[in-house]
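What follows is a set of notes on a single structure, which appears directly below.
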Amino acid sequence: MEIKELGIRVTATPREPLNERLVDERDELACEALDERFRQQRRELGVAQASRLWFEPVFDTWRAWIEDPRFDELDCEAQALCELAVTVTDSLAMRDALIMMLIMGTDHGSGEEIMEFAVHPHTRASGDAMGRMLTEAFDDPQARPDCVRVERGIAALEQCAQVVPDQYCAQPLAMAAYACWWIGDARAMPMAMQAVGMDDDATLAGIVIAAMLRDIHPAWLCMPKAPKEACTAGRRCDGARE
């Protein structure tokens, strides 16, 4: 994989298996059935209508997970994790919408704006709204993410990667790597490398690797801060325990 913008080539390496992977035949069959159902809906209803119908429940589940203070990734139902994996594998627009919802929180943009980006990613309105939100989140040093919220998303994505079969694993791992990079979590690089090892077309993971090699970070991480405010592996911002 070559990240042309940064002039970096990322070579996939043999992946190490995820610890305690829980994939079984039921999960494989569930993902395959979901994949086929998603494709069939798009054939029958058209891309826009099928995308909204498909994305709404995934969107609601994702929001419930990342906003619940009592969230425990071990309580996530396997079916919901399979739905998440199939969604972000089959639709990069939906994947990016879920990432934006995670890192920007409730203070940046509405749920409907994110929904519109997932369903109509190529319209000018969606592009303008997403560009505005991304610019503010990335360039404004005062735009601090809710690290506890982001950690919930990372935990859900890690659990997803443990449950789903290999062909649906790379995108959840890439999303987790991107979220880790966003909050300065040291797990970003190994997660991104593992995603690339599973799928050398996992461009998002390659971007994370390239950014870290070039020492590129969101603006808020470049501000002076007390040690306890940095999100590092196994810790959250503001000293909250994992």
Side-chain angles (χ1 to χ4, degrees), residues 1 3-10 62-63 65-69 71 73 88 92 95-109 113-114 117 127 129-161 170-196 202-242:
M1 176 192 301
I3 310 301
K4 294 181 180 178
E5 293 82 357
L6 297 178
I8 292 175
R9 183 172 181 81
V10 178
W62 180 245
R63 179 165 54 187
W65 285 347
I66 65 178
E67 293 183 355
D68 184 359
F71 172 76
E73 66 275 16
V88 301
L92 298 186
R95 179 203 68 185
D96 293 346
L98 295 177
I99 292 174
M100 294 303 100
M101 186 178 178
L102 177 65
I103 64 177
M104 292 186 303
T106 56
D107 296 333
H108 302 269
E113 283 180 313
I114 294 173
F117 178 76
M130 192 57 63
R132 170 179 52 78
M133 289 186 283
L134 271 174
T135 298
E136 181 179 352
F138 189 83
D139 292 339
D140 182 2
Q142 302 301 321
R144 297 171 58 88
D146 181 341
C147 291
V148 175
R149 172 193 175 100
V150 175
E151 283 278 6
R152 293 186 197 117
I154 294 168
L157 291 163
E158 286 186 291
Q159 185 69 8
C160 180
Q171 291 301 333
L173 280 174
M175 291 173 68
Y178 186 86
C180 284
W181 169 77
W182 195 272
I183 63 174
D185 190 315
R187 293 173 294 174
M189 181 64 85
M191 282 185 184
M193 291 299 294
Q194 190 169 44
V196 171
T203 305
L204 178 61
I207 289 172
V208 172
I209 296 168
M212 297 191 71
L213 291 176
R214 290 295 181 87
D215 200 25
I216 298 172
H217 306 282
W220 81 274
L221 283 173
C222 300
M223 295 181 64
K225 57 179 70 67
K228 71 176 182 177
E229 292 178 325
C231 291
T232 55
R235 297 186 62 187
R236 294 174 178 158
C237 283
D238 302 322
R241 296 182 63 185
E242 186 171 6

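Checked against side-chain contact (heavy atoms from CB on, under 4.5 Å), Ala188 has the following partners two or more places apart in sequence or in another chain: Cys180, Trp181, Val208, Met212. Here Ala156 pairs with Trp62, Trp65, Phe71 under the side-chain contact (heavy atoms from CB on, under 4.5 Å) rule; sequence neighbours left out. Not counting sequence neighbours, the partners of Ala174 by the side-chain contact (heavy atoms from CB on, under 4.5 Å) test are Gln171, Ala195, Leu204, Ala205.
Taking CD of Glu67 as the start and CE of Met101 as the end, the distance is 5.5 Å to the nearest 0.5 Å. Here the straight-line distance linking atom CE of Met100 with atom CZ of Arg95 works out to 9.0 Å at 0.5 Å rounding. For the atom pair CZ of Arg187 and CG of Leu173, the computed distance is 12.0 Å after rounding to the nearest 0.5 Å. Between the CZ atom of Arg149 and the CZ atom of Arg63 there is a distance of 9.5 Å, given to the nearest 0.5 Å.
When side chains are defined from C-beta on, Pro69 counts as touching Arg152, because their heavy atoms get closer than 4.5 Å. At least one side-chain heavy atom of Leu157 sits under 4.5 Å from a side-chain heavy atom of Pro172. No side-chain heavy atom of Trp182 sits under 4.5 Å from any side-chain heavy atom of Val150.
Nearest heavy-atom pair across Leu102 and Gly153 is CD1-CA, 3.9 Å.
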Ile183/Ile154 under side-chain contact (heavy atoms from CB on, under 4.5 Å): CA gap, chis, key distance, verdict: CA-CA 11 Å; Ile183 63 174; Ile154 294 168; 4.0 Å; yes
